[in-house]
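Just so you know, these numbers use all the heavy atoms, side chains as well, and skip hydrogens, waters and symmetry mates. The chains referred to below are lettered A, B, ... by the order of the sequence lines, with proteins before strands, and numbering in each begins at 1.
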Amino acid sequence: MSTSELALPEAFYARDPRTVARDLLGMSLVRLLDGKRLTGTVVEAEAYLSEGDPAAHSHRGRTPRNGSMFERPGTAYVYAIHGRWCLNVSTEAEGVASAVLLRALEPLSGLDAMRTRRGGRKDRDLLSGPAKLCEALAVARHFDGHDLTAGHTLWIEPPRTPPPDLEVVACPRIGVTSAKDLPLRFCIAGSPWLSKPAPAPTA
DNA sequence: ACGGGGATCGGCT
DNA sequence: GCCGATCCCCGTA
């Protein structure tokens with residue numbers, strides 16, 4: 001069907017996951033579903049590093065599950081945790097295991113479909129968590145290995161009207177049991193759409 | 001408003 | 001069999 005020319009290219013993802021996570025803030029995630037366009041603005045993302053990061057799934061080497069983390073930058077890595085799906089993007093370089101986890105989005109379009117899929121929860125809770133956004137956008141295991149740079153069915157693109165001067169805060173990641181203190185969670189400061197509040201930016 | 005605990009299930013030991 | 005890169009419900013204030 002349709003293919004978007006706007007999808008962020010491999011070169012965007014072929015950088016340090018911290019840089020990619022920060023630069024993804026303000027971008028639009030687009031999901032084509034049943035002829036409808038469901039979109040949201042990325043407001044929260046976490047980096048998982050290829051080296052010195054015991055919280056990364058790839059820390060103990062390649063397995064059948066985490067293989068997409070090693071694929072070319074811009075490849076989707078979808079994994080299950082506690083019976084739910086979460087969406088990552090592979091970063092850095094092919095053969096190097098690093099990724100950015102999409103943790104929260106601000107709803108932009110296709111809200112009715114999202115509300116249906118999320119069981120009529122408050123709009124505030126449609127996309128405010130890594131597994132919530134996957135449920136709202138119908139992202140599941142079949143997207144593991146999907147090429148997000150192809151502009152097909154699921155991709156990320158720049159916003160129509162670029163927001164002026166985004167204020168970004170970095171803080172520790174949510175839910176990890178190791179490497180708790182690394183400031184690898186990146187949020188748009190003051191956004192009401194985060195999975196959890198983030199500290200105020202240090203002036 | 002906030003925090004504790006249970007549900008849930010695929011992947012790995 | 002155990003352990004999560006989670007979510008939701010149900011207590012308390």
>> How many whole angstroms separate atom CG of A:Asn88 from atom P of C:dG4?
In response: 18 Å
> Nearest-Å distance, CZ (A:Arg173) to C1' (C:dG4)?
Replying inline: 14 Å
> Looking across every strand, which nucleic acid part, if any, lies under 4.0 Å from A:Arg141 by heavy atom: base, sugar-phosphate, or nothing?
Replying inline: sugar-phosphate
> Could you state the NZ-C1' distance from A:Lys122 to B:dA1, rounded to the nearest angstrom?
Replying inline: 11 Å
>> What is the distance, to the nearest angstrom, from the CG atom on A:Asp181 to the C1' atom on C:dA5?
In response: 16 Å
>> I need the NE2-C1' distance between A:His59 and C:dC3, as an integer number of Å.
In response: 17 Å
> Just checking, A:Arg124 and A:Trp193: is the charged tip under 6.0 Å from the six-membered ring centre and within 45° of the axis?
Replying inline: yes
>> Could you tell me how far apart A:Arg65 (CZ) and B:dC9 (P) are, to the nearest whole angstrom?
In response: 16 Å
> Pick one: which of A:Leu137, A:Leu24, A:Val43, A:Leu127 meets side-chain contact (heavy atoms from CB on, under 4.5 Å) with A:Leu102?
Replying inline: A:Leu24
> Rounded to the Å, how far apart are A:Asp53 CG and C:dA5 C1'?
Replying inline: 10 Å
> Do A:Thr39 and A:Ser109 get their side chains close enough for a donor-acceptor pair, meaning under 3.5 Å?
Replying inline: yes
> Hey, does the side chain of A:Thr63 come within less than 4.0 Å of B:dG11's phosphate (OP1/OP2), counting only N and O?
Replying inline: no
>> If I take atom NE2 in residue A:His57 and atom P in nucleotide B:dG11, what distance separates them, rounded to the nearest angstrom?
In response: 11 Å
> A:Phe12: what forms a ring-ring contact (aromatic ring centres under 6.0 Å, His included) with it, not counting sequence neighbours?
Replying inline: none
>> If I take atom CD from residue A:Glu94 and atom OG1 from residue A:Thr75, how far apart are they, to the nearest 0.5 angstrom?
In response: 7.5 Å
> Which nucleotides of nucleotides 6-13 of chain C have their base under 4.0 Å from a protein heavy atom (B), which only their sugar-phosphate (S), and which neither (-), written as one string 5' to 3'?
Replying inline: BSS-----
> Considering Watson-Crick and G-U wobble pairs with both distances under 3.5 Å, what does B:dG5 pair with?
Replying inline: C:dC8
> Would you say A:Val30 and A:Leu33 are hydrophobically clustered, going by side-chain heavy atoms of ILVMFWY under 4.5 Å?
Replying inline: no
> Residues two or more places apart in sequence or in another chain: which of them pass ring-ring contact (aromatic ring centres under 6.0 Å, His included) with A:His146?
Replying inline: A:Phe143
